[in-house]
Amino acid sequence: MTMILGETTIPGAATLATMQLWYAAPLIVSVSLVCAATRHELMAPILQHAARFAVWVLGFMLLFMALITLMQRMA
Amino acid sequence: MAQAILPPEFSGLPDDQPLVIELKTPWLAALLAWAVPGLGHLYQGRTGKGVLFFLCVLGTFLYGSYLGDGKVVYASMPGQDPWRWQYYCQAGVGLPALPAWIQRNRALGGKPPLWGGWMAPPAGTRTPWVDDSGKTSTQPDELAAWIVGMHPRHELGTVFTVIAGLLNLLVICDAYAGPLVLRPPAASARDPSDAERDAANASGKG
């Protein structure tokens, strides 16, 4: 995949950006679990809350990705 | 001995009973939670959460340190530019971030760094750096050479370790006071007109 920035073409840059997004996965898991565990005491509600929190964060990230992609296309 | 009581609707117990949590000595639990993530909860007998916090917070911190080749956690010297404000967030993780402070104090005293320079502040001297094509350039200081050489892992490692430190602040609060429960306001504490409207709605539905 090729990314075009102004007049400059950077081969593989979009692939690199996509690969770097995977670094968010362990962070989302960790943050979701810790935040959920500070709201509940038992493991079952912690895991349920963490799953909801992770989905919410992913949705938020996807929304911003879509916005940034749209802005890039319009530029 | 201090206790935290989770109300029935937040306890997670099947029979809607309030959940009593023994906090033992809260300040000691908070101190232990700062020193080693999860240790305060283990001290209180909250083993499941202690293990979860230990794995999540310390795992995030160690993974960040690994990404940054052990060079993302350091405390900058007085007047060093840029000031490493991130260390004060990383220090939230407790003892695992303490070697950086020891290395800083050794550098201040003019002593050589310990442990092969692990967590030592970067030197302010010009540093040669060889890129992938074999070309050599001179970076203005050691930090610049780290950033160029590791890009983008230095930034990622910094983010991971900073978030680990900040997450541990939540863990410390949980060890001190128990889970944070945001209860909706009780009917008596709300505006009386709201309570009357709720009552009217309820009777209308019935």
Side-chain angles (χ1 to χ4, degrees), chain A residues 1-6 8-69 71-72, chain B residues 4-6 9-14 18-23 33 37-38 41 44 46-64 66-67 151-153 155-157 159-164 166-182:
Chain A
M1 192 181 283
T2 302
M3 181 180 275
I4 300 171
L5 295 173
T8 314
T9 302
I10 307 172
T15 312
L16 187 68
T18 310
M19 283 171 65
Q20 285 174 16
L21 274 178
W22 284 107
Y23 285 109
L27 216 47
I28 291 171
V29 171
S30 177
V31 170
S32 305
L33 283 171
V34 172
C35 286
T38 56
R39 296 296 182 96
H40 303 278
E41 190 62 21
L42 302 178
M43 211 43 80
I46 288 174
L47 294 177
Q48 285 168 9
H49 191 131
R52 284 199 309 272
F53 192 99
V55 168
W56 189 89
V57 170
L58 272 174
F60 199 72
M61 285 177 67
L62 285 173
L63 179 72
F64 269 81
M65 256 185 77
L67 268 175
I68 290 169
T69 307
M71 285 164 65
Q72 191 186 18
Chain B
I5 300 172
L6 283 187
E9 62 268 38
F10 295 98
S11 69
L13 293 173
L19 181 64
V20 180
I21 304 163
E22 298 291 346
L23 298 175
H41 290 77
Q44 291 169 328
R46 301 157 78 188
T47 313
K49 283 178 74 168
V51 171
L52 188 144
F53 287 139
F54 182 83
L55 291 177
C56 288
V57 176
L58 213 57
T60 305
F61 185 81
L62 292 178
Y63 184 56
Y66 161 77
L67 282 176
H151 179 77
R153 289 181 298 114
E155 291 85 348
L156 284 168
V159 168
F160 270 73
T161 48
V162 163
I163 289 179
L166 295 176
L167 283 178
N168 204 38
L169 299 182
L170 294 177
V171 176
I172 293 167
C173 293
D174 190 83
Y176 185 80
L180 173 68
V181 173
L182 300 176

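Not measured: the values here are computed from a predicted model. Sequence lines set the chain letters: A, B, ... in the order given, protein chains first and strands last, and positions in each chain run from 1.
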Given side chains that start at C-beta, do those of [X] and [Y] come closer than 4.5 Å, heavy atoms only?
X: A:R39; Y: B:V181; answer: no
X: B:H41; Y: B:V51; answer: no
X: B:Q44; Y: B:E22; answer: no
X: B:P179; Y: B:D174; answer: yes
X: B:N168; Y: A:V34; answer: no

Ignoring hydrogens, what is the shortest heavy-atom contact between [X] and [Y]? Give both atom names and the distance.
X: B:F61; Y: B:T161; value: O-CG2, 3.5 Å
X: B:A4; Y: B:G178; value: CB-CA, 4.3 Å
X: B:P37; Y: B:F53; value: CB-O, 4.1 Å

Where along residues 44-52 of chain A does a heavy atom come under 4.5 Å of chain B, listed by residue number?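 Contacts with chain B: A:P45, A:I46.
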Residues in residues 54-65 of chain A that sit under 4.5 Å from chain B, counting heavy atoms only: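 The list, in residue order, is empty: none.
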Just so I understand: if I count every heavy-atom pair under 4.5 Å between each of B:L156, B:V57, B:T60 and chain A, which residue has the most?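 Max contact count across the listed options: B:L156.
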What residue in B:L166, B:V171, B:L13, B:I21 has the most heavy-atom pairs under 4.5 Å with chain A?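 Of the options given, most contacts go to B:I21.
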Under the side chain to side chain contact (heavy atoms under 4.5 Å, CB included) test, which residues partner B:Y63, sequence neighbours left out?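 B:Y63 satisfies side chain to side chain contact (heavy atoms under 4.5 Å, CB included) with A:Y23, A:P26, B:Y66, B:L67, B:F160 once adjacent residues are dropped.
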Go through the structure and list residues passing side chain to side chain contact (heavy atoms under 4.5 Å, CB included) with B:I163, not counting sequence neighbours.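 Applying side chain to side chain contact (heavy atoms under 4.5 Å, CB included) to B:I163 gives A:L27, A:V31, B:V159, B:L167.
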Heavy-atom proximity to chain A below 4.5 Å, by part of B:L180: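 Both backbone and side chain.
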Assess whether atom CZ of A:F53 is packed by more than 12 heavy atoms of other residues, nucleotides or ligands within 6.0 Å.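 Yes, enclosed.
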